[in-house]
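Reading through the C-alpha cells given below for one structure.
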Amino acid sequence: MIVFDLRCDSGHRFEGWFASSGDFASQKKRHLLQCPSCGSAKVDRVPSAARLNMGAQPPAKPKAPEKTPQKTPEMQGKDPFAIAQMLYSRMLDELLKAEDVGAQFPEKARNIFYQRDEARPIRGQATQKEHDELVDEGIPVARFPVPPRDKLN
Ligand SMILES: [Zn+2]
C-alpha cells in the first residue's frame, strides 16, 4: 500500500491509500477519488513525499457501535449492585418459601430423598460433614450464604 497526501480544490487535505501510484492515477482519471469533506472529485496529490507502508492495512473504518446487552425494563438505569441485590432478594424469597427444618435438615433431606417423607422444598442447617455426606449420597442440596437477619422475618 502507498499513502498519498491529497487535497481537493477547496483546500481540504486528506490521505488516500492506493495499491500503487498507477492506482492513484487510474482512480483519479475515473473520478473515483472524492474529498471526504466536501465530496469534490477535483483531487490532487499534495507535493510531499509519499509514504510507503509495506504490508500495512488501510486505516480501519470506524467500528459499528457495539450492541449493548438487552436489559429488562426493571433493570434499566439500575447499577449492577442494585441488580445483584434484587436477584439475591428474589432468590431469598424462593428460599424462604421452603419449610425451615433447622438442624434436622440432613435427616429430613435424606427422608425426602428416599421417599420416606413428603416431597417438598426444605431449608435448614447442616454442618460441613453432614453436607458432604448428603452430597456423597447424591442428594441434591445447595448451600446458600446466611442471609441478613432482617430478611428472615
Ligand atoms: Zn474538499
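Numbering of ligands and ligand atoms starts at 1, following listing order. Residues: numbered from 1 along the sequence shown.
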Start with the C-alpha distance between Glu118 and Ile112, add both sets of side-chain angles, then the distance that settles side-chain contact (heavy atoms from CB on, under 4.5 Å), and finish with yes or no. CA-CA 6 Å; Glu118 184 197 343; Ile112 290 169; over 6 Å; no
Should Glu130 and Arg110 be marked as a side-chain contact (heavy atoms from CB on, under 4.5 Å) after you check the CA-CA gap, both sets of side-chain angles, and the distance that decides it? CA-CA 11 Å; Glu130 287 167 338; Arg110 211 165 257 122; over 6 Å; no
Could you tell me whether the side chain of Ser40 and the main chain of Lys42 form a donor-acceptor pair under 3.5 Å? yes
Leaving out waters, which are not shown anyway, how many protein N, O or S atoms lie closer than 2.8 Å to the Zn ion (ligand 1)? 4
Take Asp5 and Arg45 through the test side-chain contact (heavy atoms from CB on, under 4.5 Å) and record every step on the way to the result. CA-CA 6 Å; Asp5 287 310; Arg45 276 182 64 185; over 6 Å; no
According to side chain to side chain contact (heavy atoms under 4.5 Å, CB included), who are the partners of Lys28, at least two apart in sequence or on a separate chain?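 In terms of side chain to side chain contact (heavy atoms under 4.5 Å, CB included), with neighbours along the sequence ignored, Lys28 is linked to Phe24, Leu33, Asp44.
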Cys38 and Cys8: side-chain contact (heavy atoms from CB on, under 4.5 Å), yes or no, with the steps? CA-CA 8 Å; Cys38 67; Cys8 78; 3.8 Å; yes
